[in-house]
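First comes the structure, then the notes that go with it.
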Amino acid sequence: MVCLGNICRSPLAEGILKSKVFSKKTYVDSAGTAAYHSGEKPDRRSISIAKNYGIDISSQKARKFQVEDYDKFDFIYVMDNSNYENVIALARNKSDEEKVKLILNEIFPGENLDVPDPYYGGDSGFKNVYKMLDEACDVIVKKIS
Ligand code: 4NP
């Protein structure tokens, strides 16, 4: 799960998907395309909305997306079109490129919609993001299990 800062959207996506995946063979992680917040825990508003839904994301630590992630993961879900461009720019070949998917295309196929960045907004933006990611992760979990 990839966003810009790895403190708002992708930590939520990681926590939500982990809560739905019960196979120990499935490894879920998140990263940001920028390193501004590397080593930090998720934004308190993401921690809070996840907690409201029974998910604890407080021990996650932000990290930057690395080219090696292409070797470690089968699917790379990005939150918006800007993340898509930044992640695709690191792809080494067609196989890498094919791993990268806009997460909202799982619920709105082909529409290339962005998960809005809630960082500069209020708490309602985080609830909205949570709901979108929850729906998308329901589809993802069916595909990967
Ligand atoms: P995220 O949100 O990409 O969902 O983690 C952001 C977090 C921090 C910043 C931008 C977006 N920032 O500019 O610091």
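One is the number of the first residue; the rest follow in order along the sequence. Both counts, for ligands and for their atoms, begin at 1 and track the order of listing. Computed from a predicted model, the values in this text were never measured in an experiment.
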Legend entry - Pick from Val115, Asn83, Leu4, Val2: the one approaching atom 10 (C) of ligand 1 most closely through a non-hydrogen atom: Leu4
Inset, instruction - Report, as yes or no, whether the 6.0 Å neighbourhood of atom OH on Tyr53 holds more than 12 heavy atoms from other residues, nucleotides or ligands. - result: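 Above 12, so yes.
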Is it the side chain, the backbone, both or neither of [X] that has a heavy atom closer than 4.0 Å to ligand 1?
X	value
Asp117	side chain
Asp43	neither
Tyr120	side chain

Heavy atom of the protein closest to [atom] (residue, atom name, distance):
atom	answer
atom 12 (N) of ligand 1	Tyr119 CE2, 3.6 Å
atom 1 (P) of ligand 1	Cys3 SG, 3.5 Å
atom 4 (O) of ligand 1	Arg9 NE, 2.8 Å

State the atoms of ligand 1, each with its element, that fall below the 4.0 Å cut-off from a heavy-atom position in [X].
X	answer
Gly5	1 (P), 3 (O), 5 (O)
Ile7	5 (O), 7 (C), 8 (C)
Cys8	1 (P), 2 (O), 4 (O), 5 (O)

Check this for me: does any side-chain nitrogen of one of [X] and [Y] sit under 4.0 Å from a carboxylate oxygen of the other?
X	Y	result
Lys18	Asp29	no
Lys143	Glu106	yes
Lys51	Asp56	no
Arg63	Asp69	yes

Inset, instruction - Verify whether one side chain among Asn112 and Asn105 offers a donor that lies under 3.5 Å from an acceptor in the other. - result: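 Per modelled atom types, Asn112 and Asn105 side chains form a pair under 3.5 Å.
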Inset, instruction - May I ask you to check whether Pro118 has an N/O atom sitting below 3.5 Å from an N/O atom of ligand 1? - result: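 The answer is no, given that Pro118 and ligand 1 share no N or O pair closer than 3.5 Å.
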Legend entry - Contact check, side chains of Asn83 and Phe65, non-hydrogen atoms, under 4.5 Å: no
Inset, instruction - Could you label the plane-to-plane angle of the His37 and Tyr119 rings as parallel, tilted or perpendicular, counting under 30° as parallel and over 60° as perpendicular? - result: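 Perpendicular: the ring planes of His37 and Tyr119 meet at over 60°.
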Inset, instruction - Answer with yes or no whether His37 contacts ligand 1, where contact means a heavy atom under 4.0 Å from a ligand atom. - result: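 Judged by the 4.0 Å heavy-atom criterion, His37 does count as contacting ligand 1.
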